[in-house]
Number of protein chains: 2
Amino acid sequence: MSLRHAVLGLLARSPSTGYELTRRFDLSLRTAWHAQHSQIYPALAKLEEAGMVEVVARGARNSKTYDITDAGREELERWLVLEEPDRSQRNESALRLFLGQLLAPDERRTVFDRDLAYVEQQDRELRALRDALEPDEPFAAQVDLGLRTNRVLIDWLREQAERT
Amino acid sequence: MSLRHAVLGLLARSPSTGYELTRRFDLSLRTAWHAQHSQIYPALAKLEEAGMVEVVARGARNSKTYDITDAGREELERWLVLEEPDRSQRNESALRLFLGQLLAPDERRTVFDRDLAYVEQQDRELRALRDALEPDEPFAAQVDLGLRTNRVLIDWLREQAERT
DNA sequence: GTTGACATGTAACAAGTTACATGATTGA
DNA sequence: TCAATCATGTAACTTGTTACATGTCAAC
């Protein structure tokens, strides 16, 4: 289960409430993993039961801030280094790109243009994020990878549009 | 449910048995969607019930070859053009790249090197596939996108290794 | 006082994985 | 005849989604 390890990883970067984790999945982890709050709260409960995270603070609105424990860090490291990665992917946008080739040119154009607009918007947001970051922060490398991947996608989508 | 549309799309390219679809998910759809045979057979049954696919041949070993129907083509087109894409992604490899930044340099090196080896292998296979393809086939564009994305990933992983 | 963001949870259902189960055909 | 591959299916379980449910706090 990658969700549990994703949660451990986010907490290793900084302690958070379940609510904050939900937003962090949508921000920093957007292109890697996705989870709703209805999955995150039970996951936190299980990780706490297993001694891999702990509540380190209780704040306003009954919020609970979790942090990773040493056992959690150990498990995260074990998973990253020793466990064979699951290489399977699920990416509906990529599926649509693939299936879009079946459409008539005008329909394909509609579908690809919508995609292009989305990726360009994501790209602008990622650029803004990069500009707000210290270049030596480890996270900057991730943002950089995202920007390069976007570049490839944008170019490809534009070429496809031209060929229509 | 994207699986049903992925199946429709593959059948629209060419009729297949459930067994062949399972392999085609692992080959042409590897970077977009993943499905096991235990999911594909029930999906085909449901699509047949809904009149979107039909059995067009029965061969050796009790095999059933399915093809997409007009209703299926219509549904696929409707889904591609009218339905709002689900942009959420699940990509364990990307998650590991992200979490890998938490590791000590030597461990990170191990993890990233394993990834680099995998992506390079994929890249060789994709190159071979491209070389066996007519350049004007629609599928060639998809392969080209895959090759460009691989290039970005390989470069990034090598840079990360150098900086260690 | 009421709207909106913060905050946490559960229940019912759908999708996906792993393991089980069976049998046909081909080639060595 | 034995192993490998082709071929289809189901059952038990886990993961993920959608909808429901509740309450806090700050700003207007």
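Each chain gets a letter, A, B and so on, in the order the sequences are listed, and its residues count up from 1.
In this structure, the nucleotide among D:dT17, C:dT8, C:dT25 sitting nearest to the side chain of B:Ala60 is C:dT25. Of the candidate nucleotides D:dG9, C:dT17, D:dT17, C:dT17 has the atom nearest to the side chain of B:Gln39. Distance from the side chain of A:Ser38 is smallest for C:dA11 among the nucleotides C:dA11, C:dG16, C:dT8.
Close to D:dG23, at under 4.0 Å from its OP1 or OP2, lies no side-chain N or O of A:Arg61. Side-chain N/O atoms of A:Arg90 include one lying less than 4.0 angstrom from OP1 or OP2 on C:dT17. The shortest distance between the side-chain N/O atoms of B:Gln36 and the OP1/OP2 oxygens of C:dG16 is not below 4.0 Å.
Residue order along DNA chain D, read from the 5' end via each residue's closest nucleotide, puts B:Lys64 first among B:Lys64 and A:Ala35.
Of the residues in residues 9-34 of chain B, those with a non-hydrogen atom less than 4.0 angstrom from any atom of DNA chain C are B:Trp33, B:His34.
B:Asp144 is listed as a side-chain neighbour of B:Arg148, based on a closest heavy-atom distance under 4.5 Å.
The nearest whole Å value for the distance from the NE2 atom in A:His37 to the P atom in D:dT15 is 19 Å. Atom NZ of A:Lys46 is separated from atom C1' of C:dT8 by 18 Å (rounded to the nearest Å).
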Is there a salt bridge (Lys or Arg N to Asp or Glu O under 4.0 Å) between B:Glu92 and B:Arg96? Walk through the geometry before answering. CA-CA 6 Å; B:Glu92 193 184 293; B:Arg96 280 167 181 271; 2.9 Å; yes
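More than 12 heavy atoms of other residues, nucleotides or ligands sit less than 6.0 Å from atom CD of B:Glu83.
Interface remark: the A:Ser63 side chain does not form any donor-acceptor pair with the C:dT8 base, using a distance-only criterion of under 3.5 Å.
Connectivity analysis of hydrophobic side chains (ILVMFWY, heavy atoms under 4.5 Å, direct or indirect) links A:Tyr19 to A:Tyr41.
With hydrogens and angles left out, the side-chain atoms of B:Arg24 and B:Ser16 include a donor and acceptor closer than 3.5 Å. In the model, A:Arg108 has no side-chain atom that pairs as donor or acceptor with a side-chain atom of A:Gln160 under 3.5 Å.
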